[in-house]
Amino acid sequence: MDEALKLIFKKQGYAFAGENSAVKLCHWFRESILHNRPCYKETFYGIRTHRCIQMTPAFNQCTQNCLFCWRYQAFNETYIKNPDDPKEIVENTIELQRKLISGYGGNPQTDRKKFIEAQDPKHVAISLTGEPTLYPYLGDLIREYHKRGITTFLVTNGTMPEVLENLDPLPTQLYITVAAPNEEIYKKLLSPMIPKGWERLNKTLELLPSLNTRKVIRHTLVKNWNLEYVEEYAKLDLKAEPHFIEPKGYVYVGYSRERMTRENMPTHLEIKEFSNKLSELTGYYIMDEREDSRVVLLQKEKNIPKISQD
């Protein structure tokens with residue numbers, strides 16, 4: 001990556017764990033450790049927000065340039081020329097996480113118990129930026145985290161089905177972002193950088209039932225773009241058979257403000273209305289919601305256990 005560009009990202013709070021890998025504290029870490037407000041993934045799935053690392057092994061590589069993405073989009077690479085060593089990534093991200101949170105030790109508002117626990121991460125979200133399935137040693141990376149007792153959430157746009165088909169081991173939980181109900185909207189809203197992106201996403205959805213791990217379909221919903229197509233989303237969800245579905249509203253933040261407007265941001269009520277219709281069409285149960293994140297949780301079965309991290 002260009003050094004001037006890397007300097008910009010460092011000023012934004014990114015810490016580089018290698019040539020193409022990075023870690024950054026998320027907004028909800030601060031909310032959890034200072035105000036006891038965990039992220040919705042703790043509410044829904046049981047992961048501990050203050051013990052979570054947010055990272056990527058593919059910082060500047062992606063297969064899409066989504067209009068709604070809040071991240072700075074300098075993506076011009078669809079492969080990694082010099083991938084970082086997976087063991088070094090894991091060691092570096094853990095060490096960098098400890099450095100990034102060290103300043104909270106002097107804040108009188110900090111929950112001391114959480115601060116001590118945060119020194120020993122128990123979860124990693126492989127989702128910070130870029131497309132992680134472009135990293136050629138993804139299975140080794142997941143294995144190295146699991147060796148250290150760290151659970152993994154892998155978030156992908158689903159355009160690399162061959163990677164998921166051969167991934168070993170699988171992550172603790174696999175997220176597939178399905179932000180378009182059909183090919184026309186997919187091409188306009190997600191701006192694919194590779195050919196046959198829509199076909200590749202659908203191949204991933206067809207593959208999903210055979211993958212032996214916890215699976216989530218996330219619908220990022222943008223008003224006046226993709227919110228009004230619940231029937232088409234339902235067909236995609238029934239094909240994928242995930243354990244969970246997350247209809248989640250687009251939020252007008254970050255660099256997405258250069259491409260979207262406030263009017264593109266659905267209300268939580270609109271997300272709930274979408275979710276109610278989706279529940280009727282799929283038979284999935286509405287189990288939870290977080291208004292502050294504009295997200296609703298639907299489950300295939302009512303009694304799916306949460307992930308234990310204590």
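The figures that follow rest on heavy atoms only: side chains count, while hydrogens, waters and symmetry mates do not.
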Is the shortest heavy-atom distance from the side chain of V155 to the side chain of I126 under 4.5 Å? no
Do any pairs count as a ring pair (Phe, Tyr, Trp, His ring centres under 6.0 Å) and have a residue in residues 202-225, sequence neighbours left out, and if so which ones? H219-Y233
Walk me through it: do K187 and E183 pass the test salt bridge (Lys or Arg N to Asp or Glu O under 4.0 Å)? CA-CA 6 Å; K187 289 181 176 179; E183 186 173 11; 3.4 Å; yes
Given side chains that start at C-beta, do those of L174 and T156 come closer than 4.5 Å, heavy atoms only? yes
Atom OG1 of T152 and atom CD1 of I47: how far apart are they, to the nearest 0.5 Å? 12.0 Å
Beyond-backbone contact of P86 with I142, side-chain heavy atoms, under 4.5 angstrom: no
Applying a strict under-4.5 Å side-chain criterion to I, L, V, M, F, W and Y, I'd like to know whether Y255 and M265 cluster together. yes
When you measure from the side chain of R259 to the backbone of C69, do you find a donor-acceptor pair of N or O atoms at a distance under 3.5 Å? yes
With a 6.0 Å cut-off (strictly less than), is the heavy-atom count around CZ of R143, excluding the residue itself, greater than 12? yes
Distance-only donor-acceptor check, side chains S256 and Y250, under 3.5 Å: yes
Compute whether any side-chain donor of one residue and acceptor of the other, for Y145 and T151, lie under 3.5 angstrom apart. no
Do the side chains of L207 and L164 get nearer than 4.5 Å, heavy atoms only? yes
Should we say atom CD of E162 is surrounded by more than 12 heavy atoms from elsewhere, each under 6.0 Å from it? yes
Assess, by modelled atom type and distance only, whether the side chains of Q64 and T159 contain a donor and an acceptor separated by less than 3.5 Å. no
Ignoring hydrogens and angles, tell me if any N or O in the side chain of S275 forms a donor-acceptor pair with the backbone of I271 under 3.5 Å. yes
Evaluate the criterion salt bridge (Lys or Arg N to Asp or Glu O under 4.0 Å) for residue pair K203 and E199; output intermediate values, then yes/no. CA-CA 6 Å; K203 186 174 180 180; E199 291 89 337; over 6 Å; no
Among F44, Y285, Y284, Y45, whose ring-ring contact (aromatic ring centres under 6.0 Å, His included) with F244 holds? Y45
When clusters are formed by joining ILVMFWY residues with side-chain heavy atoms under 4.5 Å apart, either directly or through shared neighbours, do W28 and Y14 land in the same one? no
With a distance cut-off below 6.0 Å to the six-membered ring centre and an angular limit of 45° from the axis, does K41 pair with F153 as a cation-pi contact? no
T204 and G158 have their tightest heavy-atom pair at OG1-O, 2.7 Å
Hydrophobic cluster membership, with links at side-chain heavy-atom distances under 4.5 Å among I/L/V/M/F/W/Y: are I176 and L238 in one? no
How close do L170 and H146 get, counting heavy atoms only, and between which atoms? O-CE1, 3.5 Å
May I ask you to check whether over 12 heavy atoms, not counting those of R262, lie within 6.0 Å of atom CZ? no
Side chain of T78, backbone of T63: donor and acceptor closer than 3.5 Å? no
Donor-acceptor pair between E289 and H268 side chains, under 3.5 angstrom: yes
Same cluster (ILVMFWY, side-chain, under 4.5 Å), L189 and V253: yes
Please determine, by modelled atom types, if Q61 and N20 share a side-chain donor-acceptor pair under 3.5 angstrom. yes
Other residues, nucleotides, ligands: >12 heavy atoms within 6.0 Å of K87 NZ: no
Side chains of E42 and T49: is there a donor and an acceptor less than 3.5 Å apart? yes
If you look only at pairs with a residue in residues 232-241, which of them pass as a salt bridge (charged side-chain N to carboxylate O under 4.0 Å, His left out), with sequence neighbours excluded? E241-K300
Strictly distance-based, threshold 3.5 Å: is any side-chain N or O of R98 a donor or acceptor partner for the main-chain N or O of E95? no
For K24 and L100, work out which heavy atoms get closest and say how close. CA-CD1, 4.3 Å
Quick one: does any side-chain atom of E270 pair with a main-chain N or O of T267 as donor and acceptor, under 3.5 Å? yes
Donor-acceptor pair, distance only, cut-off 3.5 Å: does the side chain of T177 make one with the backbone of A179? no
Worked verdict on E19 versus N82 for side chain to side chain donor-acceptor pair (under 3.5 Å): CA-CA 7 Å; E19 186 66 28; N82 299 301; over 6 Å; no
What is the distance from atom NE2 of H123 to atom CD of Q54, rounded to the nearest 0.5 Å? 10.0 Å
Passes side chain to side chain contact (heavy atoms under 4.5 Å, CB included), I304 versus Q299? Steps please. CA-CA 8 Å; I304 301 177; Q299 288 184 193; 4.0 Å; yes
Nearest non-hydrogen partners of K81 and Y79, listed with the distance: CG-CE1, 3.6 Å
Please check if the side chain of R294 supplies one atom and the backbone of P266 the other of a donor-acceptor pair under 3.5 Å. yes
Short question: side chain of Y40, backbone of L297 - any donor-acceptor pair under 3.5 Å? no
Could you tell me whether the side chains of Y137 and E144 share a donor-acceptor contact shorter than 3.5 Å? no
So, taking the atom named CD in E231 and the one named CG in L236, what distance separates them when rounded to the nearest 0.5 Å? 12.0 Å
Is the side chain of N107 donor-acceptor paired with the backbone N or O of G103 at a distance under 3.5 Å, no angle test? no
Side chain to side chain contact (heavy atoms under 4.5 Å, CB included) between I53 and I94, worked out: CA-CA 8 Å; I53 300 172; I94 293 172; 4.0 Å; yes
In Å, rounded to the nearest 0.5 Å, how long is the span from SG of C52 to CD of Q97? 7.5 Å
Kindly check if the number of other-residue, nucleotide or ligand heavy atoms within 6.0 Å of CG (N212) is above 12? no
Between Y252 and N264, does a side chain to side chain contact (heavy atoms under 4.5 Å, CB included) hold up when you go through it step by step? CA-CA 8 Å; Y252 183 68; N264 295 127; over 6 Å; no
Taking the side chain as every heavy atom from C-beta outward, state whether I89 and M55 have any atom pair closer than 4.5 Å. yes
So, T43 and R290: side-chain donor and acceptor under 3.5 Å apart, yes or no? yes
Is any side-chain heavy atom of C66 closer than 4.5 Å to a side-chain heavy atom of L190? yes
Is Y229 atom OH crowded by more than 12 heavy atoms from other residues, nucleotides or ligands, each under 6.0 Å away? no
Report yes if some heavy atom in the side chain of F274 is under 4.5 Å from a heavy atom in the side chain of V296; otherwise report no. no
For V222 and M260, run side chain to side chain contact (heavy atoms under 4.5 Å, CB included): C-alpha distance rounded to whole Å, both residues' side-chain angles, the deciding distance at 0.1 Å, then the answer. CA-CA 9 Å; V222 187; M260 294 288 170; 4.0 Å; yes
Strictly by modelled atom types, are E117 and H50 linked by a side-chain donor-acceptor pair under 3.5 Å? yes
Side-chain contact test, heavy atoms from C-beta onward, threshold under 4.5 Å: evaluate it for L298 versus M287 and give yes or no. no
Minimal non-hydrogen separation, N92 against A17, with atom names: ND2-O, 2.9 Å
Just by distance, do the side chain of S32 and the backbone of F29 share a donor-acceptor pair under 3.5 Å? no
